[in-house]
Amino acid sequence: MIQIITPELRQWLIEQVNAGHSAESLLGAMVTAGWERALAVTALDAMLAEHARTQATARARAQAHAIEQATAAAAQRPTGAGGARVPGPDLTLSPRQIDAGDRTVDVIASLATPRVVVFGSLLSDEECDALVAAAAPRMARSLTVQTRTGGEELNPDRTSQGMFFARGENTLITRIEARIARLLNWPEDHGEGMQVLHYQPGAEYKPHYDYFDPAEPGTPTILRRGGQRVGTLVMYLNEPARGGGTTFPDVGLEVAPVRGNAVFFSYDRPHPATGTLHGGAPVIEGDKWVATKWLRERVFE
Ligand code: PD2
Ligand code: ZN
């Protein structure tokens, strides 16, 4: 059967695009309406390209471009499946606890999309204190990877102080890395060195994505070492009296910073459609210490 985009359908699609709906949701609607998926991808692509050509405003061009990119990403994936394989705990039988080797970790909450899991008691109080004590003398104003060049830069959106431990740097780090690998079913050598951040009152980490933006010129250089980031584990090492939660603005979720607990999230492709926009809310009272472990697609040397 030949399927065409009628003027009515075209108008509807344009309205959906302008309202910010994702290519995946538009494709889903077309498939529900009886379209064969591959044809829907092609038709949507052609419609969006034509729409982009005929729209005068820069805003419409930007929206159409974003949807076209999402459509291309969707077209490369099998129906319903994600992109890369990602780390994560096995929650198929809804366990309350997970055996992470040398420690039993609590499962406090989980969200399917975006994939977010909150763990309880991942670290002992002694481990939290030891990480803070080892990190404190090595803190400097946090840098972020500069995707324009592949280097590092001071980032005004990130007003915390930070340092990196090398992977396997000492017995404490080795023990925690082995626990994380077992908990998240991801090899230790696919992880970056653990980063410790310290936020004082007023400090925050504005919402961002942890993956490297493929559109940035420095990204290919960064990806040579281990490929993309596919998961993040933020471990809370202390408890600020007020503020300092980890927020997920797309879904209105805020995870409270509780000592020894952690929030994990994964992203199977470097795209906002993963819903993994997240930030560190400003610390209002007290200070906040976290350790972050980023997980890569491949071995990170
Ligand atoms: O400290 C946090 O809550 C936080 C929030 C967002 C940490 C990170 N991102 C990070 O280390 O990437
Ligand atoms: Zn982050």
Side-chain angles (χ1 to χ4, degrees), residues 86-87 108-109 111 114-120 122-123 128 131-132 135-136 138-147 152-165 176-177 180 184 191-213 216 222 226 228-267 270-272 274-296 300:
V86 292
I108 307 253
L111 185 66
R115 186 48 157 169
V116 178
V117 184
V118 180
F119 294 113
L122 171 60
L123 302 175
C128 291
L131 283 173
V132 170
R138 291 162 60 178
M139 301 308 268
R141 172 82 190 273
S142 294
L143 301 173
T144 40
V145 177
Q146 189 181 27
T147 41
E152 285 194 313
E153 64 178 356
L154 264 185
N155 180 347
D157 288 346
R158 195 176 191 191
T159 46
S160 56
Q161 291 218 312
M163 58 77 68
F164 275 95
F165 286 110
I176 295 170
E177 286 174 338
I180 293 170
L184 300 178
E192 296 180 30
M194 203 183 291
Q195 183 183 49
V196 173
L197 293 178
H198 182 210
Y199 303 75
Q200 272 160 343
E204 66 181 311
Y205 196 172
K206 296 231 173 85
H208 61 275
Y209 298 98
D210 280 354
Y211 57 73
F212 302 109
D213 183 350
E216 291 288 343
I222 297 167
Q228 264 294 356
R229 286 177 174 163
V230 287
T232 304
L233 180 73
V234 178
M235 296 166 275
Y236 305 105
L237 305 181
N238 80 326
E239 291 174 16
R242 288 197 298 148
T246 304
T247 59
F248 294 82
D250 287 353
V251 286
L253 176 67
E254 176 161 350
V255 179
V258 174
R259 179 152 91 146
N261 287 8
V263 59
F264 166 75
F265 51 99
S266 62
Y267 24 100
H271 195 280
T274 55
T276 56
L277 184 68
H278 67 285
V283 171
I284 299 168
E285 189 186 334
D287 62 349
K288 172 187 172 189
W289 289 85
V290 297
T292 301
K293 184 82 176 165
W294 287 292
L295 304 173
R296 297 291 192 104
F300 180 84

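Note that this is a predicted model, so its numbers are computed, not measured. Just so you know, ligand 1 is whichever comes first in the structure, and atom 1 is the first atom listed for that ligand.
- Between Lys293 and Glu177 there is a salt bridge, with a side-chain nitrogen of the basic residue lying less than 4.0 Å from a carboxylate oxygen of the acidic one.
- Between the Lys288 side chain and the Pro240 main chain, no donor and acceptor come within less than 3.5 Å of each other.
- The Zn ion (ligand 2) lies at the vertex of an angle of 90° between the OD1 atom of Asp210 and the NE2 atom of His278 (rounded to 10°).
- With rounding to the nearest 0.5 angstrom, the CE atom of Met235 is 12.0 Å from the CG atom of Asn261.
- Ring centroids of Phe265 and Phe248 are separated by less than 6.0 Å, placing the two rings close together.
- Under a 3.5 Å cut-off, the side chain of Glu204 and the backbone N or O of Ala281 do not form any donor-acceptor pair.
- A donor atom on one side chain and an acceptor atom on the other are found under 3.5 Å apart for His278 and Asp210.
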Return a table of N or O atom pairs, ligand 1 on one side and protein on the other, at distances under 3.5 Å, rounded to 0.1 Å.
from: ligand 1; atom 1: 1 (O); to: Tyr199; atom 2: OH; distance (Å): 2.6
from: ligand 1; atom 1: 1 (O); to: Lys288; atom 2: NZ; distance (Å): 3.1
from: ligand 1; atom 1: 3 (O); to: Thr246; atom 2: OG1; distance (Å): 2.7
from: ligand 1; atom 1: 3 (O); to: Lys288; atom 2: NZ; distance (Å): 2.8
from: ligand 1; atom 1: 9 (N); to: His208; atom 2: NE2; distance (Å): 3.2
from: ligand 1; atom 1: 9 (N); to: His278; atom 2: NE2; distance (Å): 3.2
from: ligand 1; atom 1: 11 (O); to: Thr292; atom 2: OG1; distance (Å): 2.9
from: ligand 1; atom 1: 12 (O); to: Asp210; atom 2: OD1; distance (Å): 3.3
from: ligand 1; atom 1: 12 (O); to: Asp210; atom 2: OD2; distance (Å): 3.4

